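Just so we're clear, the structure is a prediction, and the values are computed from it rather than from any experiment. Remember, it's 1-based here, ligands and their atoms both numbered in the order they're listed. Numbers here are sequence positions counted from 1.
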Amino acid sequence: MQTVIKITLLIAAAVANCCLGSANKEKYHDIDPGKPLFLTTLIRNATVSRQQIKNFARVNGSQFLGVESYAGYLTVEEKYNSSLYFWYFPAEQNADKAPVVLWLQGGPGSSSLIGLFIENGPLQINEQGKLEKRNYTWSTNHNIIYVDNPVGTGFSTTDHCHGYARNQVDVAVNLYEAITQLYELFEWKNSSGFWITGESYAGKYVPALAYYMHKMQTTTECKIRIPLKGVAIGNGLSDPLNQLKYGDYLYQLGFIDDNGLYKFHSAEESAEICIQSGNMECAFEIFDSLILGDLPAGSLYKNLTGFKSYYNYLKADDELAVLVNRMKVFLQANATRRAIHVGNMLFHDTDKVNKVKKHLRKDYMDTVAPLVEEILKYYTVCVYSGQLDVIVPYTLSLGYLKLLDFPGAERYRTAARKIWRMDGDIVGYFKEAGRLIEIMIRNAGHLAPYDQPKVLYEMITRLTHNY
Ligand SMILES: *[C@@H]1O[C@H](CO)[C@@H](O)[C@H](O)[C@H]1NC(C)=O
Ligand SMILES: *[C@@H]1O[C@H](CO)[C@@H](O)[C@H](O)[C@H]1NC(C)=O
Ligand SMILES: *[C@@H]1O[C@H](CO)[C@@H](O)[C@H](O)[C@H]1NC(C)=O
Ligand SMILES: *[C@@H]1O[C@H](CO)[C@@H](O)[C@H](O)[C@H]1NC(C)=O
Ligand SMILES: *[C@@H]1O[C@H](CO)[C@@H](O)[C@H](O)[C@H]1NC(C)=O
Ligand SMILES: *[C@@H]1O[C@H](CO)[C@@H](O)[C@H](O)[C@H]1NC(C)=O
Ligand SMILES: *[C@@H]1O[C@H](CO)[C@@H](O)[C@H](O)[C@H]1NC(C)=O
């Protein structure tokens, strides 16, 4: 793991392209999708007022049930014309003081708009394809930002193959640049602090960004100080070597028999050897053939269990695909595109040719455990897991947490686990030691906020408002 990180100061200068006030060409259903809104040159231009830029970025609320939001592009690496797309929702209550929360989807290559529309944002899309408000949204009491990350994901873009992230340093550098610009624009001066959250493969992005932010803010004179308080990682892949025990897990759940277990064990051993010898690509191929199944041969998991999905072991079908498709239809509409300032930009969400994942192949099976150890010295780290997940199971995450070296590590190994009750139900279990909070969420799979919106709302609220 890299501990010394190059400091790159980028002065981005993309062409400002404001879609407001463009000629109205509407006739019948023919709505102009407008142009993508690039904000960086405006943010960098001292003569343009913050209020003016916010007005450009403001999303037409009347198209979104009156919900206030801001969206646009932030140029993060000028030489490759790489820009990250963000969509920001100010807190509905007490926005001035509310914590600022960044949400990152995993994948790699999954759009964070999945988090917005399917997990924890103020809006969801019903079976008729219409917007409705979500009952439990993190935006009630958080200023929440969804960023399509890394470039090439969702609406985020790059013009060059070198623009794609190849490791977690690339990811962190671009995200840090974007967050800095957002702080310049929205300021959040009175906010109680900044939290980095995410799910799944974001188990790598989240620690990478927190660590980089910490280094940047302690070792250099930074223009903008971001008041980082902590992170929350949901069913996160952070230390593949020590999370790679699928065979035992599936065997104990009754999904595979002894023959299947034998196959899993031998593949897992080979993958471990690959990782230990530094060959992350061969480890990745084995991981894919075991469980992901993105390569043509599919996965052993699917072959042996017949399951189409690995997000919740009570559900054999891919329920998420239906929801994501519904979201894509909504996002493709010109009226939506116009309102959210993406114009005709392509929307990439784990495409058939997932370029984001391809470029991260050598990084996929690498660990961020040393970064988690480092941030545990200074910041709250909440690791939460839906119990029913197959792709990043709770017990396999314990496998790596137990090995971490941090202030409180000894205590973590012996600390008493507590029962978490809400409204008379047992909703989960948790354990605390040092700055680590480890939580298991009942009746939830990989997308815990989707399965248990109220519980996860309560969790994030306690985390960001009490610690
Ligand atoms: C969407 O916009 C494109 C131009 O970018 C236009 O060709 C197309 O007809 C529009 N579609 C609808 C349904 O309005
Ligand atoms: C900054 O904004 C002003 C006013 O809008 C404009 O005249 C000027 O050209 C801009 N400067 C740069 C460097 O873009
Ligand atoms: C905002 O949305 C409303 C309702 O859909 C629409 O009538 C109006 O034209 C939109 N405004 C702009 C500037 O696009
Ligand atoms: C950067 O990319 C955007 C979006 O594709 C494009 O509109 C813009 O012209 C590009 N800028 C440069 C300098 O190539
Ligand atoms: C949201 O709350 C309303 C009112 O309490 C209720 O009728 C509705 O079923 C809830 N929706 C969901 C998806 O839980
Ligand atoms: C932040 O708090 C100060 C002091 O209470 C107040 O004067 C100021 O208006 C607040 N800032 C914003 C942006 O609301
Ligand atoms: C899954 O089954 C198919 C059909 O029998 C086979 O071609 C494929 O190699 C199997 N994949 C794995 C990873 O075992």
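- Of all atoms in ligand 4, listed by their number and element, those nearer than 4.0 Å to a heavy atom of Met345 are 4 (C), 5 (O).
- Contact atoms of ligand 1 toward Asn334: 1 (C), 2 (O), 3 (C), 8 (C), 10 (C), 11 (N), 12 (C), 14 (O) (distance under 4.0 Å to a heavy atom of the residue).
- Here the CZ atom belonging to Phe287 is positioned 4.0 Å from the OH atom belonging to Tyr246, to the nearest 0.5 angstrom.
- Only the side chain of Asn344 comes within contact range of ligand 1, with a heavy atom under 4.0 Å; no backbone atom does.
- For ligand 4, the atoms lying closer than 4.0 Å to a non-hydrogen atom of Asn81 are 1 (C), 2 (O), 3 (C), 8 (C), 10 (C), 11 (N), 12 (C), 14 (O).
- Inside a 4.0 Å radius of atom 11 (N) of ligand 5 there is at least one protein heavy atom.
- Within the 4.0 Å cut-off (strictly below), no protein heavy atom is located near atom 4 (C) of ligand 5.
- More than 12 non-hydrogen atoms from other residues, nucleotides or ligands lie less than 6.0 angstrom from NZ of Lys431.
- For ligand 1, the atoms lying closer than 4.0 Å to a non-hydrogen atom of Ile31 are 1 (C), 2 (O), 14 (O).
- In this structure, the separation between OG on Ser385 and CD1 on Ile439 is 9.0 Å, given to the nearest 0.5 Å.
- For Phe38, the heavy-atom gap to ligand 4 drops under 4.0 angstrom.
- Where the criterion is an N or O separation shorter than 3.5 Å, residue side chain and backbone included, Pro33 fails it with respect to ligand 1.
- With Phe155 as the fixed residue, the ring-ring contact (aromatic ring centres under 6.0 Å, His included) test singles out one of Tyr85, Tyr73, Trp87, Tyr146: Tyr85.
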Take Val173 and Tyr212 through the side-chain contact (heavy atoms from CB on, under 4.5 Å) test and state the conclusion after the steps. CA-CA 7 Å; Val173 169; Tyr212 184 71; 3.7 Å; yes
Hey, mind stepping through Phe89 and His142 against ring-ring contact (aromatic ring centres under 6.0 Å, His included) and telling me if it holds? CA-CA 8 Å; Phe89 296 81; His142 300 89; over 10 Å; no
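- Atom 6 (C) of ligand 5 has as its closest protein heavy atom Asn135 ND2, 4.1 Å.
- Comment: Asp363 engages Lys204 in a salt bridge, judged by a side-chain N to carboxylate O separation of less than 4.0 angstrom.
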